[in-house]
Amino acid sequence: ASITGVRPRRQWHAAARGRLTARPRLIRPSTMRFLIAALLLASPAHAAFTPDQRAEVMAIVRDALQQDPGILRDALRALETDDQRQLQATSRDVTIVNFYDTRCPYCRQMAPIEAELIRLDPRVRIIDKDLPVLGATSELEARALLAAQRQGGYYKLQASILKQASPSNRDSLRAEAERLGLDGGRLLHDIDDPDIKKRLNTAIALADELAIQGTPALVVGDRLLAGAVTLAELQSVVASARHR
């Protein structure tokens, strides 16, 4: 997903100089000949050229420059535009929607992988959707996380719950919330708020619509990854999403 209202850097500078035009600019034949020759010389394969072939390419470059000295500037601009286009493709923001259950061992396995992905690729954003499919404790913990979110403590409590081996109860959640600097009494009150139950039901309905049958489930672009994956697999899917 792109950031609305933010122009690519090079386009912004062009607009500031008053050179941005609405119509695409055609590359002159002489410029194209120069570009082809320059790219041939810059490619890794140029070392395999024979002396005669290299001399022929250099002759094309010299001839093009003599016909139109301005083509060097045009060629550089064309190459810069292509570089910018490739840069935009590799730096596009990608959003991952993560359906998970706090009691799911595979979701716990994915947590550090997702954290590492974000550390390595700051242009990835992960949206967590609580999907309590493993029973009453899962639902209680999911409600507690949404209650903690009202105090800005969702991820603090999430990190704690995902590390705990034993299932939570209301008393342990209150104690843990207070240890983390949250209001434990408010947390228990908000756990029972119908709006929090409604949010969980919305996430469950969305999962049903996407035909998600278990956790973890990651939606990356138009792809659904069911089950735990490696960091390399996740990076590959993110890269594919950027180029679509």
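Quick note: numbers below take in every heavy atom, side chains included, and nothing from hydrogens, waters or symmetry partners.
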[atom2] on [Y] to [atom1] on [X], rounded to 0.5 Å:
X      : Y      : atom1 : atom2 : result
Thr215 : Leu134 : OG1   : CG    : 5.5 Å
Arg174 : Ile191 : CZ    : CD1   : 10.5 Å
Ile113 : Ile118 : CD1   : CD1   : 12.5 Å

Have [X] and [Y] got a donor and an acceptor in their side chains that come within less than 3.5 Å?
X      : Y      : answer
Glu114 : Tyr100 : no
Asp101 : Tyr106 : no
Gln151 : Asp183 : no
Arg108 : Gln164 : no

Salt bridge check, Lys198 against Asp193: does any charged N sit closer than 4.0 Å to a carboxylate O?
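No salt bridge links Asp193 with Lys198.
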
With the 4.5 Å side-chain cut-off for hydrophobic clustering, are Leu146 and Leu206 part of the same group?
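No; Leu206 is not reachable from Leu146 via cluster members.
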
In terms of heavy-atom contacts, Phe99 and Val219 come closest through CE1-CG2, 4.1 Å

I need the minimum non-hydrogen distance between Val94 and Ala241, along with the two atoms involved.
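Scanning both residues, the minimum pair turns out to be CG1-CB, 4.3 Å.
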
How about Lys129 and Asn98: do any of their side-chain heavy atoms sit closer than 4.5 Å?
no

Answer whether the closest heavy-atom distance between the side chains of Val97 and Val220 falls below 4.5 Å.
no

Under 6.0 Å from the CZ atom of Arg125, do we count more than 12 heavy atoms belonging to anything else shown?
no

